[in-house]
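As structure tokens, the structure follows; a few thoughts come after it.
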Amino acid sequence: MQIAIIVILVIALAVVVGMFMNTKNQDAQKIKDAEKAGFEHGIAHRKKEEEAVLGSAEQKAQEKIKIANSKLEEAERKLNIANQQLEEAEEKAETRKKEVLVEAKDEIYKLRQEAEKEIRDRRSEISKQERRVHQKEETLDKKLDNLEHKEELIQEKLKDAERLCEEAEAVKQEQMSTLERISELTKEQAKEYMIRTLEDELIHEKAVKISSYEQQLKEECEEKARGYLSLAIAKCASDQVSESTVSVVALPSDEMKGRIIGREGRNVRTLETLTGVDLIIDDTPEAITLSCFDQVRREIARIALERLISDGRIHPSRIEETVEKAKREVEHKIKQEGERAVIDTNVHGLNHELVKLLGRLHFRTSYRQNVLTHSIEVANLCGVLASELGVDVSLAKRAGLLHDIGKALTSEVEGSHVQIGVDVCRKLHENPEVIHAIEAHHNDVEPRTAIACIVQAADAVSAARPGARSENCESYIKRLEKLEEICMSYKGVEKCYAVQAGREIRVMVQPEVISDEKMVLTARQIAQQIESEMEYPGQIKVNLIRESRVADYAK
């Protein structure tokens with residue numbers, strides 16, 4: 001039983017195993033079939049994808065081929081158009097070529113005709129000239145024949161003239177001998193007598209002419225000159241400042257004098273050494289006098305001393321510091337004065353060195369007349385006179401402003417202020433007319449331009465104005481003595497007197513030596529010598545007096 005069960009179990013197990021194996025084989029087969037089907041499906045899918053990509057590529061290739069074909073067609077079309085244009089251009093070029101050839105042939109034909117015409121005209125002109133030359137030759141031949149005939153006649157007349165001259169000379173000699181016998185004078189004595197007589201007559205005629213011309217010139221010029229000068233003087237309104245050689249500094253009290261003097265006088269010595277000014281400390285109450293001929297140094301000392309007094313600290317180091325500040329202030333003032341002069345006279349374009357020198361003229365005087373004020377006044381007068389005479393006003397003002405520029409350097413450079421001014425202006429490339437006016441304003445050279453004469457007149461007007469200048473008694477007396485000495489040096493002068501402060505010289509002449517005619521010449525010579533040898537403001541009148549007196553006594 002058990003064996004049967006076991007056999008049954010074994011059989012059942014075998015059946016179960018067989019079934020399992022069968023099922024496993026079926027599953028394996030199914031798996032293989034599924035794998036095979038999936039592989040085939042994948043191949044088909046990949047094939048479809050490859051076919052799709054290939055189709056897309058073929059489609060794109062077809063499109064590019066179509067585009068290329070269209071471009072090729074467009075290029076062929078453009079090529080055809082270009083060929084057509086080329087053919088048209090060739091046709092036009094051929095046509096233009098023919099036209100140019102035709103025009104060239106026409107131009108050549110015209111030129112040939114003109115040349116032939118010109119040749120014909122030239123030939124006709126040459127033939128006319130040949131005819132004229134031939135006619136002139138015939139005329140010249142006739143004239144030569146006439147000249148030969150005339151020359152023969154002239155030769156005959158010359159012979160007759162020589163014969164007549166010989167006869168006239170013989171008659172002249174006979175007449176001269178007759179005249180010498182009648183007059184009892186030789187030929188040389190007669191010449192001397194005629195020359196002497198002629199000289200006396202010429203002196204009289206010359207004096208009369210000079211008087212006539214002088215009277216005419218005076219009548220014509222004096223009225224105009226008075227008008228111009230009066231107008232210029234009326235338009236020129238300037239203040240005149242008279243400077244002296246000393247300055248007075250006020251003190252708050254007499255105790256300040258001792259502080260200014262310092263211990264053993266060291267403060268005074270320091271101030272005098274630094275400024276070059278003499279300090280006069282005397283019994284004058286509450287005042288100190290500064291003495292110096294250089295106004296710049298005196299101004300520096302005055303400013304420095306006033307600042308020291310107001311500050312109260314007076315010792316050598318403080319004095320040095322104050323003097324340096326005063327120097328800078330005075331230099332600044334010099335520059336300001338120069339710029340003010342340029343602005344007041346409306347003269348532009350001056351070199352900055354000239355402006356600085358103009359400012360220095362503010363501290364320079366001539367016969368106690370401030371030179372800068374005088375220069376501004378002369379510039380304004382020159383402008384008015386130039387405008388009245390129709391001369392360049394700006395150039396005249398420039399010359400008037402710079403005419404005394406050399407006076408700013410007379411203490412530093414040797415020579416007259418005229419030469420110094422000329423050298424400075426020439427070095428700074430000033431206008432040549434201005435340089436000539438500076439050189440001629442005191443007649444160092446003869447004035448050659450109208451501006452130089454205007455500067456002379458304006459300078460004289462400014463200097464001769466009453467109160468403008470003052471001069472010391474010694475120079476005044478020397479000038480009067482020089483005037484009288486010049487007049488007494490002439491032959492026939494008996495006495496002379498300088499009157500009206502040297503503005504007039506009265507000369508008494510001897511009537512038997514100097515005649516009325518010679519008085520005019522003598523007055524002119526005296527005036528010219530005074531002009532050449534003396535310097536003076538304004539003008540000097542030369543007045544000659546000739547008087548004849550006869551006295552007798554009744555007994």
Side-chain angles (χ1 to χ4, degrees), residues 238 241 243 245 292-299 330-331 333-335 337-342 344-345 347 349-383 395-449 451-464 468-469 471 475 531-532 534-537:
S238 60
V241 180
E243 303 288 344
T245 59
C292 181
F293 287 99
D294 191 336
Q295 295 186 21
V296 176
R297 295 204 304 265
R298 197 168 71 244
E299 181 69 11
V330 170
E331 288 178 358
K333 186 176 181 181
I334 287 173
K335 183 179 179 182
E337 289 295 332
E339 293 173 351
R340 179 184 65 82
V342 170
D344 289 349
T345 56
V347 175
L350 283 179
N351 189 287
H352 66 280
E353 291 294 333
L354 289 177
V355 175
K356 186 176 179 181
L357 291 176
L358 281 174
R360 293 184 64 177
L361 292 178
H362 177 70
F363 298 100
R364 177 75 161 78
T365 59
S366 177
Y367 296 99
R368 294 192 178 183
Q369 183 183 25
N370 186 279
V371 179
L372 181 58
T373 305
H374 166 67
S375 298
I376 295 172
E377 185 174 319
V378 170
N380 292 328
L381 287 169
C382 287
L395 195 61
K397 281 189 172 185
R398 193 183 192 95
L401 184 63
L402 298 177
H403 80 284
D404 273 344
I405 196 70
K407 289 184 178 180
L409 296 172
T410 50
S411 61
E412 302 174 9
V413 181
E414 293 183 358
S416 65
H417 74 278
V418 174
Q419 189 58 44
I420 294 171
V422 170
D423 293 340
V424 169
C425 291
R426 187 175 288 123
K427 181 179 179 181
L428 297 177
H429 307 291
E430 189 54 53
N431 190 294
E433 289 195 30
V434 174
I435 295 174
H436 173 65
I438 295 172
E439 193 174 12
H441 82 277
H442 280 320
N443 281 322
D444 289 2
V445 297
E446 189 70 21
R448 300 188 303 271
T449 62
I451 290 178
C453 297
I454 288 172
V455 171
Q456 275 189 343
D459 186 32
V461 169
S462 176
R469 292 187 173 186
E471 51 187 339
S475 62
E531 290 175 357
S532 62
M534 294 185 62
E535 292 185 2
Y536 50 89

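To the nearest 0.5 Å, atom CD1 of residue Ile405 and atom CG of residue Leu358 are 4.0 Å apart. Taken from CG in Leu428 to CG in Asn351, the straight-line distance is 4.5 Å, to the nearest 0.5 Å. Between the OG1 atom of Thr449 and the CG atom of Leu395 there is a distance of 8.5 Å, given to the nearest 0.5 Å. Here the CZ atom belonging to Arg426 is positioned 12.5 Å from the CG atom belonging to Asn431, to the nearest 0.5 angstrom.
Pairing each heavy atom of Lys356 with each of Ile334, the nearest pair is O-CG2, 3.4 Å. Residues His441 and His417 share a closest heavy-atom pair of NE2-NE2, 3.5 Å. When all heavy atoms of Asp404 and Ser375 are compared, the closest pair comes out as CB-OG, 4.2 Å. Scanning both residues, Leu361 and Asn370, for their nearest heavy atoms gives O-OD1, 3.9 Å. Here the closest heavy-atom approach between residue Val355 and residue Glu339 is recorded as CG1-N, 3.7 Å. The shortest heavy-atom contact between Cys382 and Gly400 is SG-CA, 4.0 Å.
Residues Leu372 and Arg340 are in side-chain contact: their nearest non-hydrogen atoms beyond the backbone lie under 4.5 Å apart. Inter-residue side-chain proximity for Val378 and Leu401 is flagged as unmet; no heavy-atom pair is nearer than 4.5 Å. Looking only at side-chain heavy atoms (C-beta outward), Leu350 and Glu430 come within less than 4.5 Å of each other. Side-chain contact check for Leu354 versus Val424: some heavy-atom pair is nearer than 4.5 Å. In this structure the side chain of His436 reaches within 4.5 angstrom of the side chain of Val445, judged on heavy atoms.
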Determine whether Glu353 and Lys427 satisfy the following criterion, side-chain contact (heavy atoms from CB on, under 4.5 Å), listing intermediate values before the conclusion.
CA-CA 11 Å; Glu353 291 294 333; Lys427 181 179 179 181; over 6 Å; no
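Gln456 contributes a side-chain N or O that, together with a main-chain N or O of Ala440, makes up a donor-acceptor pair within less than 3.5 Å. Judged by distance alone, with hydrogens and angles left aside, the side-chain atoms of His362 form no donor-acceptor pair with the main-chain N or O of Gly359 at under 3.5 Å.
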